[in-house]
Amino acid sequence: MLQSKELSIFEDLVYQATSKIARGKVSTYAQIAKEIGREKSYRAVGNALHKNPFAPLVPCHRVVYSTGRLGEYAFGKKKKMALLKEEGIIISNDQIVDFQEKLFKF
DNA sequence: GTCGTGACTAGCC
DNA sequence: CGGCTAGCCACGA
């Protein structure tokens, strides 16, 4: 509580984990949550990425739903789709093709 | 310290 | 197969 100075440890971990995702790969909120030791805090992960102060810095566009859907994105789904496509991720109707194949594992 | 909400997820109907 | 519901953690007011 009352950590109005810097980002909470949790958020910091989220950003670091997200930045670890290799180019051309994608990850899920649950996967990241688990990686940072809070598997059930996938919602907090999304919340952290939403506030993401490292917006274009951290590859938050590589984070999607566990169902293979894109999920939301601060710059818009269209932008997310375009970015992923440039990295080799094919998306069809807001859904990643070969999702499990493109899924990045820590 | 409590309440409400979110870039989610898995389970049910 | 598809839509809806409830549960989860952390944060802001």
Side-chain angles (χ1 to χ4, degrees):
Chain A
M1 314 179 184
L2 294 174
Q3 298 206 359
S4 55
K5 277 193 175 180
E6 296 184 357
L7 297 170
S8 63
I9 303 301
F10 183 83
E11 291 180 353
D12 189 42
L13 288 171
V14 172
Y15 303 135
Q16 288 190 44
T18 305
S19 63
K20 287 181 191 170
I21 302 173
R23 183 179 176 286
K25 293 273 187 175
V26 296
S27 188
T28 70
Y29 296 90
Q31 187 66 52
I32 294 171
K34 186 176 183 180
E35 171 62 18
I36 64 182
R38 297 291 188 283
E39 186 176 3
K40 299 178 207 158
S41 56
Y42 29 71
R43 305 223 54 182
V45 174
N47 200 359
L49 288 176
H50 186 210
K51 293 185 298 187
N52 184 10
F54 305 100
L57 214 64
V58 82
C60 43
H61 59 271
R62 293 179 190 151
V63 184
V64 297
Y65 281 20
S66 294
T67 59
R69 277 209 169 258
L70 291 183
E72 292 301 316
Y73 186 56
F75 290 80
K77 289 184 190 172
K78 292 167 68 176
K79 188 73 177 179
K80 189 169 187 174
M81 186 187 299
L83 287 168
L84 290 172
K85 187 176 181 182
E86 281 191 44
E87 298 191 354
I89 309 295
I90 310 303
I91 299 171
S92 176
N93 194 15
D94 288 3
Q95 176 128 19
I96 296 178
V97 179
D98 298 329
F99 173 59
Q100 293 297 330
E101 196 175 313
K102 307 294 183 184
L103 183 59
F104 178 79
K105 290 158 191 167
F106 291 89

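This one's a predicted model, so the numbers in the text were calculated from it and none came from an experiment. Lettering of chains follows the sequences in order, A, B, ..., and the numbering in each one begins at 1.
Nearest nucleotide to the side chain of A44(A), out of dA7(B), dA10(C), dT9(B): dA10(C). The listed nucleotides are dA7(B), dC11(C), dG7(C); the one nearest the side chain of R43(A) is dG7(C). The side chain of F10(A) lies closest to dA10(C) when the candidates are dA7(B), dA10(C), dT9(B). Nearest to the side-chain atoms of K40(A) among the listed nucleotides dT9(B), dC9(C), dC11(C) stands dC9(C). Residue S41(A) has its side chain nearest to dC9(C) when only dG7(C), dC9(C), dA7(B) are considered.
Across all strands, K51(A) comes closer than 4.0 Å only to sugar-phosphate atoms, never to a base (heavy-atom distances).
Of all nucleotides present, only dC8(B) satisfies the Watson-Crick or G-U wobble test against dG7(C), with each distance under 3.5 Å.
Rounding to whole angstrom units, NZ of residue K34(A) and C1' of dC9(C) are separated by 17 Å. Per the geometry, CG belonging to L7(A) stands 14 Å off C1' belonging to dG12(C), to the nearest Å. Here the P atom of nucleotide dC11(C) and the CG atom of D12(A) are 12 Å apart, to the nearest Å. The separation between Q31(A) atom CD and dA10(B) atom P is 11 Å, rounded to whole Å. Rounding to whole angstrom units, CG of residue N47(A) and P of dG12(C) are separated by 8 Å. Rounded to whole angstrom, the span from the CD atom of E11(A) across to the C1' atom of dC9(C) amounts to 12 Å. One can place OH of Y42(A) at 10 Å from P of dG11(B), the figure rounded to the nearest angstrom. One interatomic measurement links the two molecules: NZ of K78(A) to P of dA7(B), which rounds to 20 Å at whole-angstrom precision.
Salt bridge annotation for E87(A)-K25(A): absent, with no cationic side-chain nitrogen under 4.0 angstrom from a carboxylate oxygen.
Looking only at side-chain heavy atoms (C-beta outward), L57(A) and N52(A) stay at 4.5 Å or farther from each other. Residues Y29(A) and V14(A) are not in side-chain contact: their nearest non-hydrogen atoms beyond the backbone lie 4.5 Å or more apart.
The shortest distance between the side-chain N/O atoms of S66(A) and the OP1/OP2 oxygens of dT9(B) is below 4.0 Å. Contact between the side-chain N/O atoms of R38(A) and the OP1/OP2 oxygens of dA10(C) is found at a separation under 4.0 Å. Residue Y65(A) places at least one side-chain N or O under 4.0 Å from the OP1 or OP2 atom of dC8(B).
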Open item on the list: Would E72(A) and K80(A) count as a salt bridge (Lys or Arg N to Asp or Glu O under 4.0 Å) here? Give the steps.
Closed with: CA-CA 9 Å; E72(A) 292 301 316; K80(A) 189 169 187 174; over 6 Å; no

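The aromatic rings of Y73(A) and F75(A) sit tilted, their planes meeting at an angle between 30° and 60°.
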